[in-house]
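Here's the structure, in structure tokens; my notes come after.
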Number of protein chains: 2
Amino acid sequence: MKPTIYDVAREAGVSIATVSKVINRTGKISEKTRERVAAVMEGMGYAPNLVATALSSKKTFMIGLLLPDISNPYFAELARNIEDRAHELSYNIVICNTDNHVDKEREYLTFLQQKGVDGILLATGLAHPESLGLVTDRQLPITVIAREVPRTPVNTVLVDDFMGGFLATSHLLELGHREIAIIVESMDLESSRQRLKGYRAALEEHNCAFHAERVAVSDFTVASGMEIAGGILDAPDRPTAVFACNDLLAIGTIQAARSRGIPVPGELSVVGFDNTFLCGIIDPALTTVGQPIRELGRQAVDLLHKQMSGEEPARQRVVLLPELVVRASTQPPLERTSAVK
Amino acid sequence: MKPTIYDVAREAGVSIATVSKVINRTGKISEKTRERVAAVMEGMGYAPNLVATALSSKKTFMIGLLLPDISNPYFAELARNIEDRAHELSYNIVICNTDNHVDKEREYLTFLQQKGVDGILLATGLAHPESLGLVTDRQLPITVIAREVPRTPVNTVLVDDFMGGFLATSHLLELGHREIAIIVESMDLESSRQRLKGYRAALEEHNCAFHAERVAVSDFTVASGMEIAGGILDAPDRPTAVFACNDLLAIGTIQAARSRGIPVPGELSVVGFDNTFLCGIIDPALTTVGQPIRELGRQAVDLLHKQMSGEEPARQRVVLLPELVVRASTQPPLERTSAVK
DNA sequence: TTGAAAGCGCTAACAA
DNA sequence: TTGTTAGCGCTTTCAA
């Protein structure tokens, strides 16, 4: 049987209160007993039972992380950075794949609370903000990542999606493209809507008309990107460029083009979003909007940590800025080049 | 304050034991009180505090998952399947990124035990098997995934790496390749050694001499694959095919070839290992050895579950069989084709 | 500086 | 069928 605090106390000839104090370095303990108790603990191979500690101290040092799907490279990278930072602060991460399914979100949320996690990191859909009430009502610290929950006062760390959409589109416009299609993940996500707005704003700034037909809605898989992009490329008025709202969709677009013998970037420029490691893997290397994914993860943990430490920081929204990462999948449109000549 | 079992008991006019029984559906309870208590719980919005439950029942319904890096697509996919199965069995997964670093492994291992996880899933290096003692000594259920720990009686679920190496190499040999290089992840891993053995066995079976110079050691990143492959491709006696021991390395190899103007599969065939979703993303689509990653995850959880349920199944090693997935990155060597003509 | 004792919220004998 | 009670292993207040 594993030794308990009682065993240590008996062995060291002190009370459990004293042992507890040397474990936690709290209260006043003479150096002498401190050493003796420490030696006994060492000798017995004693390690505190953290479940018991959690019960009496009401801290589990666990954080629940809700995301759509850990096998999606974007979320995998995010999770990695989150876990790294959490580990530094000695918290553990419990992962929950929600598939953006409201029921699963709710289920995990209530369950995590019962398990006594100290906080929640939410990087998932949550189409129905009232689910958030499940958490906020219980005073459980929470930070939302890369998702905007409109009209809800909750701490958030995200990327300026509007700017991202603007940067991507402006890049294409500046290369000379005028026929630019956009593929968004889902109009249910505020981030998608913002990226679309950025797209429109860029068009407007370049006096380029917005056409609703240039907007296609997909989801977040390569396959769907390929399918949707296929439709776009088969249309009679095929655009010269596509802004895909995440890297997976952009890759699907490149594949759709390839299968149709449309050279990228020769006849079609493609811009992605996220700057996952996939961008460097595919051919041509993907021009994309880079999210500071490491910072996103760290800051989210730090913000949550403050709440968990009772600092109760003013509700805030930390907006990180994206940046354009130009690689090989974009170039000026052919038509234009020749027309100029 | 959240209601406790005492609040429910008082409100329903019964003892806490009775409430506990209706929560857990244990013991004999009249339908009448059962309903009344249930109604009260519902009404108060009562939910058991699982930390307390864990302390008295010694079950946390948590599983620790150790892997090198969740941002590696292979492990991300594995983690997804593991979490899915665990969730079905109502267990939560705590992820731990070890970077194959022994110190981190040990740290997580001891820590997880203190936190009272019900079991450990080990999909990470653990170069020093004695670290395993940290777990087995404490009678904590554990299952090792996709790693062989030689001379240690521990439940394991893995893929037949020897067969995988054999399949990959045979495929190349059958296409007519004779100069086949192999890039392994690390000679510290039993899986790498097995794949290498499979490679040698295939060569032998085809009466093809083994040359130690054809073996290169890398690690598990695209960058390192690119670097190592670069060395291979720049050598005077460049091989006509490369068997890379994971998809990331294979991709690095393709990139190295591309940057040198060596067409794949035209002048260089490449085979990967794992069959991650990346294979379908890159150009040319990668021929690879497919691991039944879903089964790997599920069976590991199931095997662990048996141990956690006290079934104490006979120590076993479940060996799943890989299969060759032929895509576009392999074809007969050019030289041969012309020589035959 | 140290210790006694009362929880934390639940489970599970054992009695009634 | 229901209730009493003693833990589970630790924290923390209050006295000594």
Side-chain angles (χ1 to χ4, degrees), chain A residues 1-38 40-41 44-62 110-111 113-118 138-139 310, chain B residues 1-38 40-41 44-62 110-111 113-118 138-139 310:
Chain A
M1 217 43 211
K2 276 192 275 193
T4 73
I5 200 171
Y6 284 93
D7 300 317
V8 175
R10 191 180 333 104
E11 191 82 4
V14 295
S15 74
I16 60 166
T18 302
V19 178
S20 175
K21 280 167 197 158
V22 343
I23 293 171
N24 303 300
R25 310 175 190 295
T26 55
K28 300 258 160 253
I29 294 288
S30 77
E31 186 54 23
K32 224 174 120 181
T33 54
R34 219 200 64 72
E35 274 171 15
R36 180 155 39 90
V37 173
V40 171
M41 294 197 301
M44 303 182 83
Y46 168 80
N49 174 329
L50 266 16
V51 176
T53 305
L55 181 58
S56 56
S57 70
K58 302 192 166 320
K59 284 219 55 169
T60 56
F61 280 93
M62 296 265 190
T110 43
F111 216 56
Q113 297 200 55
Q114 287 188 242
K115 290 231 174 166
V117 296
D118 297 333
R138 305 266 188 165
Q139 322 269 40
Chain B
M1 217 45 213
K2 275 193 276 193
T4 73
I5 200 172
Y6 283 93
D7 301 315
V8 175
R10 190 179 333 105
E11 191 83 3
V14 296
S15 74
I16 59 165
T18 303
V19 177
S20 174
K21 281 167 196 158
V22 343
I23 293 171
N24 302 301
R25 309 174 191 294
T26 56
K28 299 259 161 252
I29 295 290
S30 76
E31 186 54 24
K32 224 174 121 181
T33 53
R34 220 199 64 72
E35 275 171 15
R36 180 155 40 88
V37 173
V40 171
M41 295 198 299
M44 303 181 82
Y46 169 81
N49 175 328
L50 265 18
V51 176
T53 305
L55 180 59
S56 56
S57 71
K58 303 195 165 316
K59 283 219 56 170
T60 56
F61 280 93
M62 297 266 189
T110 44
F111 217 57
Q113 297 200 58
Q114 286 188 242
K115 290 231 175 167
V117 297
D118 297 333
R138 305 266 188 165
Q139 321 269 41

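Note on naming: letters A, B, ... go to the chains in the order of the sequence lines (proteins, then strands), and numbering restarts at 1 for each one.
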side-chain N/O A:T18 vs C:dG3 OP1/OP2, d < 4.0 Å | yes
To the nearest 0.5 angstrom, please state how far the CZ atom of B:R34 sits from the CZ atom of B:R25.
-> 6.0 Å
CG of B:L50 to CG of B:L55, rounded to nearest 0.5 Å, is 12.5 Å
Give the C-alpha distance, both sets of side-chain angles, the deciding distance and a yes or no for side-chain contact (heavy atoms from CB on, under 4.5 Å) between A:Y46 and A:V40.
-> CA-CA 8 Å; A:Y46 168 80; A:V40 171; over 6 Å; no
Expressed in angstrom and rounded to an integer, what is the separation of A:Q114 atom CD from C:dG9 atom C1'?
-> 13 Å
Of the residues in residues 28-36 of chain A, which ones touch DNA chain C at a heavy-atom distance under 4.0 Å?
-> A:K28, A:I29, A:S30, A:T33
In whole angstroms, the gap separating P of D:dC8 from NZ of B:K58 amounts to 7 Å
For A:S20, report the nucleic acid contact type (base, sugar-phosphate, nothing); a contact means any heavy atom under 4.0 Å.
-> base
Between atom CD1 in A:I23 and atom C1' in D:dT11, what is the gap in whole Å?
-> 10 Å
Hey, is CD on A:E31 packed in by over 12 heavy atoms from elsewhere, all under 6.0 Å?
-> yes
Report all interatomic pairs (protein N or O, nucleotide N or O of nucleotides 13-16 of chain D) with separations under 3.5 Å.
none

Quickly work out the B:Y6 OH to C:dT11 C1' distance and round it to whole Å.
-> 11 Å
Quick one: B:L50 CG to C:dG9 C1', roughly how many Å, whole number?
-> 11 Å
Within less than 4.0 Å of OP1 or OP2 of D:dG3, is there a side-chain N or O belonging to B:S15?
-> yes
A:T53 (side chain) donor-acceptor with A:N49 (main chain) under 3.5 angstrom = yes
Axial cation check for B:F111 ring with B:K115, 6.0 Å and 45° limits = no
CE (A:M62) and OG1 (B:T60) are apart, to the nearest 0.5 Å, by 7.0 Å
Atom CD1 of B:I16 and atom P of C:dG9 are separated, to the nearest Å, by 12 Å
Rounded to the nearest 0.5 Å, the CG atom of B:D7 sits from the CD1 atom of B:I16 at a distance of 11.5 Å
Starting at atom CD1 of B:I5, determine the distance to atom C1' of C:dG7, rounded to an integer number of angstrom.
-> 16 Å
Base, sugar-phosphate, or nothing for B:V51, non-hydrogen atoms under 4.0 angstrom?
-> nothing
Rounded interatomic separation in angstrom, taking CG from B:N24 and P from C:dA13 | 13 Å
Determine, step by step, whether B:V37 and B:K21 satisfy the side-chain contact (heavy atoms from CB on, under 4.5 Å) criterion, reporting the C-alpha distance in whole Å, the side-chain angles of both residues, the deciding distance to 0.1 Å, and the verdict.
-> CA-CA 10 Å; B:V37 173; B:K21 281 167 196 158; over 6 Å; no
